Amino acid sequence: MIQLETRELEYFIALADELHFGRAAVRLSIAQPALSKAIRRIETRLGVPLFDRSSRHVELTPAGKALQEHGRHALNAVGAAIRHAQRAGDTQAHLRLVLKPGGDAGLLSGLLAAYAHQPDARQVDILFSGPADRTDFLRAGRADVGLLYAPFDDLDGLAHETLLTEDRVVIVPAGHRLAGRASVRMPDLDGETLPRWKGVPGGEGTGPEVADVVQLLQMIMVGRMIGVLPRSLVEPLPPGLVCVPVADAPPSRLVLAWAEQDRRPLVASFVTAALALRGNGKRSGRDEPAGPQAVRDRPHPRNRPAGRETASR
């Protein structure tokens, strides 16, 4: 079996990204001749050319493109494995919770209070992220648990429990044609401009790109677009905006998620506290609460969302 060292793979990925030996060498903090020698050694070992080179141009071959895609995943997996191992061996580690600003549906203080009563509770570090990378925090080991929204966030490979199920509303300026309606349906939104979310590919939004709900609300207020959001993300609304229930929009679920194979007591304790809070009927979701040993004893769920909605969050 042909093997590549992690460092060699890092050399290749740097050159594949930069397509310039000088820039890649600077990025790696090595001499350019050393990088050239390493790339030739990799190509010899694999038996295929990875780059087409000329005096003015460096380009990936089909083999190079394949190694770039899969090699990046391999490096990310190695990095995640190292971080998970370090965290597992750190008995004093803080618990890291990732969420988007305002993305807790009013549950965060209750979650933290419930967790603080656990006998093995740790300090909780709260991490904020944009709309596209909260799941990356969990998969890469940069966070231990996260508050995500289904079906918008990709939950593949993550265990999760629903904490809250809520309806979705369309946000419009006060003078908008839909502002006085008791409710609307998705076809009523045809022809309206919806946002594009920064860092989230795909979707049907045609309006300006926005990075968070604050930016979205500002754009709605000046009449540039409308937005469809979980109700908790927009209440209370700023003056001048109106929310109208969207009767046929799929419900939004606020979920607590963690890496599927992560069974550390650090994570299990927080999940248990969250499920106990849900079981007490405080802003509860529709799922039945699991028992206190749910995270440690059962196979982790592999619930897959039906799809990702990006134009409307």
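Being a predicted model, the structure only gives us computed values, none of them experimental. If you read the sequence from its start, that first residue is 1, and numbering goes on from there. Computed over heavy atoms, backbone and side chain alike; hydrogens, waters and symmetry mates excluded.
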> Please walk me through it: do Leu277 and Tyr115 pass side-chain contact (heavy atoms from CB on, under 4.5 Å)?
CA-CA 9 Å; Leu277 182 70; Tyr115 176 62; over 6 Å; no
> How many angstroms lie between atom CG of Leu256 and atom CG of Leu164, to the nearest 0.5 angstrom?
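Leu256 CG to Leu164 CG: 12.5 Å, rounded to 0.5 Å.
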> Is there a donor-acceptor contact under 3.5 Å from the side chain of Arg122 to the main chain of His94?
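No; zero donor-acceptor contacts below 3.5 Å.
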> Quick one: does any side-chain atom of Asp188 pair with a main-chain N or O of Val184 as donor and acceptor, under 3.5 Å?
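Checked: no pair found.
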> Just distance, no hydrogens or angles: give the donor-acceptor pairs under 3.5 Å from side chains in residues 215-224, sequence neighbours left out.
residue	atom	partner	partner atom	Å
Gln215	OE1	Ala211	N	2.9

> From Glu260 CD over to His160 NE2, what is the distance, rounded to the nearest 0.5 angstrom?
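Atom-to-atom, Glu260:CD and His160:NE2 are 9.5 Å apart.
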> Under 3.5 Å, is there a donor-acceptor pair linking the side chains of Ser269 and Asp120?
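Asp120 and Ser269 do have a side-chain donor-acceptor pair below 3.5 Å.
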> Would you indicate whether the side-chain heavy atoms of Leu75 and Arg72 approach each other to under 4.5 Å?
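No, their side chains stay 4.5 Å or more apart.
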> Please determine whether side-chain contact (heavy atoms from CB on, under 4.5 Å) holds for the pair Asp125 and Leu97, giving the CA-CA distance in whole Å, both sets of side-chain angles, and the decisive distance to 0.1 Å.
CA-CA 6 Å; Asp125 295 336; Leu97 169 65; over 6 Å; no
> Under 4.0 Å between a side-chain nitrogen and a carboxylate oxygen: does that hold for Lys100 and Asp212?
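Judged by the 4.0 Å cut-off on N to carboxylate O distance, Lys100 and Asp212 do not form a salt bridge.
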> Below 4.5 Å, heavy atoms only, C-beta onward: do Val255 and Tyr149 meet side chain to side chain?
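Of all side-chain heavy-atom pairs linking Tyr149 with Val255, none is under 4.5 Å.
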> Got a second to check how far Gln123's CD is from Leu112's CG, nearest 0.5 Å?
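So the CD of Gln123 and the CG of Leu112 are separated by 11.0 Å.
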> Counting N and O atoms only, with roles assigned by atom type, does the side chain of His176 sit under 3.5 Å from a partner on the main chain of Ala179, one being a donor and the other an acceptor?
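Looks like no, no N/O pair under 3.5 Å.
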> Applying side-chain contact (heavy atoms from CB on, under 4.5 Å) to Leu111 and Leu163, what does each step give before you reach the verdict?
CA-CA 10 Å; Leu111 285 173; Leu163 302 182; 4.2 Å; yes
> I'd like to check the ring pair (Phe, Tyr, Trp, His ring centres under 6.0 Å) partners of Tyr11; sequence neighbours left out, ordered by chain and number.
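Applying ring pair (Phe, Tyr, Trp, His ring centres under 6.0 Å) to Tyr11 gives none.
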> Counting C-beta onward and ignoring hydrogens, is there a side-chain heavy-atom pair between Pro187 and Asp248 closer than 4.5 Å?
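Heavy-atom side-chain distance check passes, below 4.5 Å.
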> Side chains of Asp153 and Arg134: does their closest heavy-atom pair fall under 4.5 Å?
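Yes, side chains in contact.
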> Charged N to carboxylate O below 4.0 Å: is that the case for Glu8 and Arg45?
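Here Glu8 pairs with Arg45 in a salt bridge, since their nearest N and O are under 4.0 Å apart.
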> Please report the interatomic distance CZ(Arg41) to CZ(Phe12), rounded to the nearest 0.5 Å.
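Separation between the atoms: 15.0 Å.
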> Looking at Arg278 and Glu161, is there a salt bridge between them, counting it only when a charged N and a carboxylate O are closer than 4.0 Å?
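Between Arg278 and Glu161 there is a salt bridge, with a charged N closer than 4.0 Å to a carboxylate O.
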> Measure the spacing between CD of Glu18 and CG of Leu35 and express it to the nearest 0.5 Å.
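If I round to the nearest 0.5 Å, the distance is 10.5 Å.
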> Check whether Thr206 reaches the backbone of Thr193 with its side chain - one donor and one acceptor, N or O, closer than 3.5 Å.
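Absent.
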> Do side-chain atoms of Asp144 reach the backbone of Arg96 as a donor and acceptor pair under 3.5 angstrom?
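Yes, Asp144 side chain to Arg96 backbone: donor-acceptor pair under 3.5 Å.
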> Output all residues satisfying salt bridge (charged side-chain N to carboxylate O under 4.0 Å, His left out) with Arg177, sequence neighbours left out; order by chain, then residue number.
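By the salt bridge (charged side-chain N to carboxylate O under 4.0 Å, His left out) rule, Arg177 matches Glu192.
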> Within the side chain of Thr44, is there an N or O that forms a donor-acceptor pair under 3.5 Å with the backbone of Arg40?
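Here the side-chain-to-backbone pair exists.
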> Checking Arg168 side chain against Ser252 main chain: does a donor-acceptor pair fall under 3.5 Å?
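No.
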> Under 3.5 Å, side chain of Glu43 to main-chain N/O of Val48, donor-acceptor pair present?
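Side chain of Glu43 to backbone of Val48: no pair is present.
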> Walk me through it: do Arg253 and Thr162 pass the test side chain to side chain donor-acceptor pair (under 3.5 Å)?
CA-CA 6 Å; Arg253 293 184 295 118; Thr162 299; 2.7 Å; yes
> Who are the side-chain contact (heavy atoms from CB on, under 4.5 Å) partners of Ala113, not counting sequence neighbours?
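Not a single residue meets the side-chain contact (heavy atoms from CB on, under 4.5 Å) criterion with Ala113.
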> Does some side-chain heavy atom of Phe51 sit less than 4.5 Å from a side-chain heavy atom of Phe21?
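Of all side-chain heavy-atom pairs linking Phe51 with Phe21, none is under 4.5 Å.
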> Scan for side chain to side chain donor-acceptor pair (under 3.5 Å) pairs involving residues 233-246, sequence neighbours excluded, and state none if there are none.
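Qualifying pairs: Arg231-Glu235.
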> Do the side chain of Ser36 and the main chain of Gln32 share a donor and acceptor less than 3.5 angstrom apart?
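Indeed, once roles are kept as given, a pair shorter than 3.5 Å links the two residues.
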> Going by atom type alone, with no hydrogens or angles, which donor-acceptor pairs under 3.5 Å involve a side-chain atom of residues 62-70 and a protein atom two or more places apart or on another chain?
residue	atom	partner	partner atom	Å
Gln68	NE2	Asp17	OD1	3.3

> Which residue is it: Leu99, Asp104, Leu95? I am looking for the one with a side-chain contact (heavy atoms from CB on, under 4.5 Å) to Ile126.
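Exactly one pass, corresponding to Leu99.
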> Hey, what do you get for CG (Asp262) to CG (Leu158), rounding to the nearest 0.5 Å?
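It is 10.5 Å, given to the nearest 0.5 Å.
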> Using a strict cut-off of less than 4.0 Å between a Lys/Arg side-chain nitrogen and an Asp/Glu carboxylate oxygen, indicate whether Glu10 and Arg7 qualify as a salt bridge.
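Salt bridge: yes.
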> Please check this pair: side chain of Asp52 against backbone of Glu59, looking for a donor-acceptor N/O pair closer than 3.5 Å.
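No, the answer is negative, given that no donor and acceptor are paired below the 3.5 Å cut-off.
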> I want to know whether Phe128 and Phe137 have ring centres closer than 6.0 Å.
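Ring-ring flag for Phe128/Phe137: false, centres at least 6.0 Å apart.
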> Go through it in stages, so that I can follow the logic: the residues are Leu189 and Val228, the test is side-chain contact (heavy atoms from CB on, under 4.5 Å), and I'd like the CA-CA distance, side-chain angles, deciding distance and then a yes or no.
CA-CA 10 Å; Leu189 309 184; Val228 180; 3.7 Å; yes
